[in-house]
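Worksheet: the structure to be examined is printed underneath.
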Amino acid sequence: MTVADAELRARQWIHRSPLPLPELAFHHILAAILRGEYSPGDRLNTARFAEELHMSLNPIREAIIRLRDIGLVEVTPARYTKVADFTADESRAAIGYAGVLAGTALKAILPTISSEVLSDLVACAEEIGEADGVDGRNAAVIAFLTAVADLMEHPRRAIHLVETTILAQCALQFGEVAGRDESTQAPFRAAGAVVHAIRAADPDLTEAAVRALFEHLAESSAAVSRSAPSRLRDVEPAA
């Protein structure tokens, strides 16, 4: 599973897909959050999701538990489930942590990959530096992390990076950057250092450059929530 795959499935394919129902529910809710249908603080109604997906509440609740464990939702037993505040320190810390995971992974991966794969990674890093605006940059950052996760051979570590990437994506997407001053330009320059390090196939330099890039991204992501209106205010049934 990658972040880019978090798209809403057509209803007619729900029960014909090889994916388990909790996984389908996870994708459905995640995609709705990423599309901005639910803003930080909005309450989620599991009964509504069950109706939309034509499934029982049990797989919906399993999906909610996974979303909670990643940090995307907050659950208060017998009261409500709501979308997390992605501008909170613990959510924004996922941006830097994603860089730590990706840098560590690339340090191990670089000596083993082909020149073609190396070129693909360079292209992903170049997209970050060449992106048009903050939204384009954020999309390029997620594509880069997803590309690294796809190269990881250890399944659990890859899943850990993917889940950290999901939270980092929300922190980037729901944080506003005020202006393109010198501080917001830093990630674009740092992306150039990543390109240079990967192109040189230097594991240690790449790890350091990737970590530095994501530290800059975390610093430049302003802690301001989007002001999209809430759509759901239903109280969550007791789990």
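In what follows, every heavy atom counts, from backbone to side chain, and hydrogens, waters and symmetry copies are set aside.
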Under 3.5 Å donor-acceptor, [X] side chain and [Y] backbone:
X: S114; Y: V117; result: yes
X: S91; Y: T87; result: no
X: T104; Y: L101; result: no

Determine, for [X] against [Y], whether the closest basic-nitrogen to carboxylate-oxygen distance falls under 4.0 angstrom.
X: D42; Y: K82; value: no
X: R199; Y: E126; value: yes
X: R137; Y: E127; value: no
X: R211; Y: E215; value: no
X: R48; Y: E52; value: yes

Original post:
side-chain contact (heavy atoms from CB on, under 4.5 Å) between I159 and R156: does it pass, once the steps are laid out?
Top reply: CA-CA 5 Å; I159 290 172; R156 290 187 179 179; 5.7 Å; no

Testing the basics here: between [X] and [Y], what is the closest heavy-atom pair and its distance to 0.1 Å?
X: L172; Y: N138; result: O-ND2, 3.5 Å
X: I95; Y: A218; result: CG2-N, 3.7 Å
X: A149; Y: V162; result: CB-CG2, 3.8 Å
X: P203; Y: K107; result: CB-O, 3.5 Å
X: A25; Y: I60; result: CB-CD1, 3.8 Å
X: P187; Y: L217; result: CB-CD2, 3.7 Å

Subject >> Heavy-atom neighbours of D69 CG exceed 12 at 6.0 Å >> reply: yes

**OP:** Only one of L67, T46, L53 passes side chain to side chain contact (heavy atoms under 4.5 Å, CB included) with I29; say which it is.
**Re:**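 For I29, the side chain to side chain contact (heavy atoms under 4.5 Å, CB included) check succeeds only for L67.
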
Indicate yes or no: at least one non-hydrogen side-chain atom of [X] is less than 4.5 angstrom from one of [Y].
X: R66; Y: E163; value: yes
X: L44; Y: Y38; value: yes
X: E62; Y: I65; value: no
X: F86; Y: I33; value: yes
X: F214; Y: L145; value: yes
X: Q169; Y: F174; value: no
X: F26; Y: I70; value: yes
X: C170; Y: L34; value: yes

Original post:
L205, I113: one ILVMFWY side-chain cluster at the under-4.5 Å cut-off?
Top reply: no

**OP:** Answer yes if V122 and L213 sit in the same cluster of Ile, Leu, Val, Met, Phe, Trp and Tyr residues linked by side chain heavy atoms under 4.5 Å apart, and no otherwise.
**Re:** yes

[X] side, atom [atom1]; [Y] side, atom [atom2] - distance, nearest 0.5 Å:
X: T146; Y: I166; atom1: OG1; atom2: CD1; value: 9.0 Å
X: Q173; Y: D135; atom1: CD; atom2: CG; value: 8.0 Å
X: R92; Y: D85; atom1: CZ; atom2: CG; value: 10.0 Å
X: E116; Y: L121; atom1: CD; atom2: CG; value: 11.5 Å
X: E74; Y: Y80; atom1: CD; atom2: OH; value: 7.0 Å
X: C124; Y: I142; atom1: SG; atom2: CD1; value: 12.0 Å

Original post:
Does the side-chain contact (heavy atoms from CB on, under 4.5 Å) test come out yes or no for I198 and L118, once each step is laid out?
Top reply: CA-CA 7 Å; I198 295 177; L118 189 72; 3.6 Å; yes

**OP:** Evaluate the criterion side-chain contact (heavy atoms from CB on, under 4.5 Å) for residue pair L110 and T206; output intermediate values, then yes/no.
**Re:** CA-CA 9 Å; L110 281 184; T206 297; 3.2 Å; yes

Original post:
When the ring planes of F49 and H28 are compared, do they come out parallel, tilted or perpendicular, using 30° and 60° as the limits?
Top reply: perpendicular

